[in-house]
Every structure is written in C-alpha cells, then in structure tokens.
Amino acid sequence: MTEMLLKYFRTNQQKWQAEKTYDTQCPYCSMQCKMQLIEQSSFTNKKYKTISKDNPTSQGRLCIKGLNAHQHALHKERIKYPLFKKDGEFVQISWGEALEHIKINFTRIQSEYGLNALSVYGGGSLTNEEAYLLGKFARVSLKTKYIDYNGRFCMAAAATAANQAFGIDRGLTNSLSEIPNSRCIIIVGSNLAECQPTMTPYFHKAKENGAYIIVIDPRETETTKMADLHLKLKPGTDAALANGLLKVIIEENYVDDLFVQDRTNGFQELEKYLNAVDLNEIEQITGIEIEHIQRAARKFGEEESGMIFTARGVEQQTDGVMAVRNLLNILLVTGKIGKPSCGYGAITGQGNGQGGREHGQKADQLPGYRLIDNKEHRKYISDIWGINEKDLPKKGVSAYEMIEEIHRGEIKGMFLMGSNPVVSNPNANIVKEAFQKLKFLVVVDMFISETARYADLILPSSSYLEDEGTLTNLEGRVTLREASRACPGEVKHDWQIICEISHILGKGKYFSFKSVEDIFNELRVASRGGIADYYGITYDRLREENGILWPCPTINHQGSKRLFETSFAHLDEKAVLIPVSNYSTVSKEKISEEYPLYLTTGRVLAHYLTGVQTRKSSVLAARNFESFIEIHPSTAMKYRIQDNSLVQIESKKGRIVVRSKWSNQIRQDTVFVPFHWADSQNVNCLISDSLDPTCKIPGFKISAVKISPID
Ligand code: SF4
C-alpha cells in the first residue's frame, strides 16, 4: 500500500491541476491595470501566474510589477495576527485584546492631552471606501483635526495648481484615448516609461501618428528616448523654462486670442510680466539654449492640438504649485484645453492617488472634494454623518507637519494605515526621532514595515487580492476591484478594522456598515453636488461599464470623459492665468563649495514607493536589490569614485551609503538616487524639510550634496 502511494505521489507531484482564478487590479501605480491571478496546484506544490485583462485604460497590458504583485500578497512574512509590543518584542494577541489596548490608550491620551493629541495618517493606495472611512473615523470617532496622508508627497502641487487654474483637480482632463491624436505633447518631470509603463504605448501611438514629443527632465531616461526634443534642464528650474516658452509663444503670436478673451482671466498681467522676462537669463537659469526653447515653443504653438503632462519631477519642489501653474498658463494661452486631444494630465503616482485625495483623508478636505473650512460643506457632511457641525474638527496640517507636531510633543498618539512615513518623509532622521516619542502608535499593514517597527500595536490588513473596493485611476476613472481570495489567518480588511475600533470607542452607530458596497453608497451621497461627484456611480454600473469617469452626478449620466469643453469650474466659468516668478519664494537648496552637486530622486521600474511590497517580491528584488547613485563618469572621476563601488552621499540633513552606477545620461552637476530603500540607503535622510508654501509638498527633487568614495 505504501509503495503504491509513493508511486502515485511520484507520478503526480508535478501534474499541475485544480486551477483557481482571481480577477483583480494591480495594486501599484495609477494605471490600475486589470489582471487575473491563476493558481495551479500539484500534489505537493502551488504555482501562480498573472495574466492581463482587457480594460479601457491599460488595454490588456501589464508591466513587470503587476506580473509579480502576487509575490508580496502570498509572502510568508505577511502579518496574520495582531501583534503587540511587549518588552521590545512583538507578541501575538487576539483581536479582542488589540481593540482593548486601543480603547485604553486612545482614551487615556485624549483625556490627558486633549482630542487633538491623537492623529491619523493614511495612504494613497487605500480604496475610496477606506479613504472615506478613515476621514470619517478621524473626525467622528477620534474628533481630531489631525489627519493627512502620503498622497501629500505625490499629488499636492498638481492638485492645487489645477484647482487654482481650472477650479477642478482631476488627474487627466481627458481620457487617455485622446493622447494618440495629439499633435504636440510636452512631458515634464516624468519618467512614465518606468513609473507607469503601460501608459507609454499611448505616446508611442501618438508618435506613429506624427506627434512631436518634448520631454523636460534633467536626466536621460526610458521616457526621454521617445522625445523629439529633450530639454535637459538644471534641476528645479521648470518655472523659469515655462516662462521662456511663454515668452516665445506670446511674442511670436501663437496665442489663441478668442480663447484667452472668452475663457480666461489674468492674461494682461501675465503678458506684462513676460515682457520683462529675458530669454538670455532663462538660458542661464535653466541651462537650455534659447534655440531649443524657441523650437519647443514654436512646435507647441503651431500645432492645432497639444497636451501637457506633469509628474513628480516638477511637482516635488518648493515652488511645485507655481511651476505647474506656469505650464497650465501655456495650455491656456494657446487654447489647448477642453478640445479633442488638448488638455492637461498630472500623472498620479500611487494606485489611488486620485480617489485618495477626493474623499476626506486630507487635512483640509471633506468627501466629494469639499472643503473643511467651508460652512456649507461642513453642514452638508455633518448632516450625512448625523453629527452636529460644531463637533466636526477644523483643518489640520499636512503629513510632514504632523510629524513635526509629534516631534514638538503636540501629538501623542497615531493611527496609521497603509503608509511608511519613516522612509517616505523628508528629513527622515527626524521622522524616526518623532515616532520614538509617540505614547501609542497603531500601524495597520501587511508587513512589519520600517514604520511598523516603531508601533506599539500592529494590525494585519488584507492585500489587493482579498480587499474589495473602488479605486480612481489617473484619468479620474472609477473602477471596481473585486476580491475573491479569502484573507489569511486573522487578517481583516481596513474598513472592518476602522469599524471595529469605532465600535469599541462607542461610535458604532456611525459605522454600522455590513459591506464595502454599503460604504460606497454613503460615499456617493456624501460626494453628491461636490466637485468629485460620484453619486451616479454604482457597483452594478462599474461591473457593467468597466469604469466611469467622474463627475457623474446622476444614475443616467455617462461620466465625464473630457473636462472644460464649455466652461471651467470657477464661479465665472473662466480659467485663471497668473504670472510666475523664475525663482521659488521658498529658497531651494543651492550647490556650494561644500555641497557641490544637485541630488534628485525618483523610481526604478521594478519597485514601488518605499518598496515594502516590491522588495518582498523575489523577481522584482532581483532586478534591483539595493539602491544606487547614478553619476556621470566625469563627475565620478573627479571625486575618485569607481563604477560599482560604495559611495557616501552627504547633505546638511544626513548621510547614506549606496553603490555607484556610472551613466552618461545624467548632467555632470547632478546625481540621481532612487527612493525605494530604507535605513542606511534611505535617500530621504538627505532631503530638507522645506515645503511648498501653498500645498506643503516637500522639495524632494532638489538637494545639495557632497560625495566621497568608501574604501
Ligand atoms: Fe499597470 Fe502600474 Fe501595475 Fe505596472 S505598476 S501593471 S503599469 S498598474
């Protein structure tokens, strides 16, 4: 009998069968590609593969991150039970005990130090329902004004600029399908070929159709390879370059006079300001020859359609808002918005960077892109939530400013969900000090991230394969991510965790949701009449229609593919032009004798954000298992740095050590380091705490550093 069993075992152990499939969406970038995980079992093993699924955004494409996303979701290091820190070690406890710890500690902190001694920190990968619920949790269950999220580091500059100029912030003013027919495209500060790879074919198609592509970036990247003109500017000089382009556009009569007159305010002030702009000075500031500035401006001006895309390279600056405003000035003076294949796109980084900033986890916002300082908005949301408007907290502060409040001792406790601020914040050494000062930190995550190490309590949350909900992609298209895989161990969904904590804090009646769809239905009503109006979107419609672009105010509304065709969203229906200075009002770091090089940061293809998930994937980790400094060979030789050798990088804020990677593709005065690694390789240890004065995005993209070889 035993022999027979062994024979059966040997024969069948490699026969793959019992296939299970899970329809889902990639958890990483804002393309939110649809995909399917296929699980195959043999007698002894399981294997997985991911295939793409067709949808209007990714059109059946996937990149290497999506193909391997399941590796972190199925990883053996996932936390499967609540963990409580006892004598410096995490020990497994029950959910009942975990909730009791939260009740005792949160109650004690608030009774000793006041309601605002607690804070909430969210993330741009949470579903819309969970982002909505987290905002409600902060304001109703904890009654604290302190809530913000990591999207502050991602989209705040573009969102503020679009709100100021157009009256609405939706990532793309058009659907992606309009890109291929655009005649001239300017991409600023984006390496989309590596950050949003499945978006790239839209631009290749445009090129095939004859489009002229201009890429503005201090580095040569996979994205600059498709450029007809690459403007390799000095880091941080985007606003000045836009002034140069605008000057040529106005002086050489590429202005759409009718559009400017009928649909904008502020042209005269802009024109007057640009009269005084000197192209020679722009050349000096940006390092871009006048001839190239003229070529770019003429190309954009003369074509009948054009689009401008921005990303973190221009946005993560202390003048991020104004630099983007100046690029929007270009669109508006040439009348290239609200028409076919004309418009603006802020290429959102995080999976739900768009939806995450619409429904209330930002310090100044309420659901539907309502404002927490607006009396009517406060009343509307208070009524939906069944609370008195007077009990709704006021505006808090931005994500990094919350860390400063912790450091100052104003904030004593934090509930943190889906984020890793110890790695992602600027001035990262101070962030660690701040987290050590907290009296009680609850972290909800799938892994013991660098931030979770500082937690008193870690709660295990579900992955993209298990958690259902809606996400809003970079176009503003709301999609439904189904979930069919059961949670491992005692893992719970984020929305369940928020509801259970609210119950134990005595606020259960405000959180009596039985399903995630229940939450969405409340969100729909809460967003009704707001800028980001989701009222007409239902789960049934999302299943049938494969995503709907907001605003969608009624059940019969088809969604809004192109914005601003007839009006902008300001009261007078006009867009706003504004003169923008060549220089930031918050001074940017300058290179000096002591710190002679510019440091800029960004992503690599295989990793996502702080790498908590992608570093768990063996395939992705194998492609880039450590950080590096990209450096021009001439610069490297000047500082005696061999290729592939260890380098110390130092700024006024800290120092890190990474391996060198010689490259002719970077400016000689600039080095590049990716931000996916932690501890001694965390480049954010080098970044200063300077913030854009309006949107409070940190100036990640420019620091002054010195480098030296490590023997
Ligand atoms: Fe698509 Fe972005 Fe995921 Fe790549 S990382 S598969 S582009 S969603």
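These numbers were taken from a predicted model, which means no experiment stands behind them. Counting starts at 1 for both ligands and their atoms, following the listed order.
A donor and an acceptor atom, one from each side chain of D217 and T224, are nowhere located under 3.5 Å apart.
The existence of a salt bridge linking E626 and K661 is excluded, since no basic side-chain nitrogen approaches an acidic carboxylate oxygen closer than 4.0 Å. The pair D679-R453 meets the salt-bridge criterion, with a side-chain N (NZ, NE, NH1 or NH2) lying under 4.0 Å from an Asp/Glu carboxylate O. One finds a salt bridge joining D169 and R357 here, because a Lys/Arg side-chain nitrogen approaches an Asp/Glu carboxylate oxygen to under 4.0 Å.
For K561, the NZ atom sits in a loose shell: 12 or fewer heavy atoms of surrounding residues, nucleotides or ligands are nearer than 6.0 Å.
With sequence neighbours excluded, the residues forming a side chain to side chain contact (heavy atoms under 4.5 Å, CB included) with P56 are R477, N546, listed by chain and number.
Within the protein, the number of N, O or S atoms lying under 2.8 Å from atom 1 (Fe) of ligand 1 is 1.
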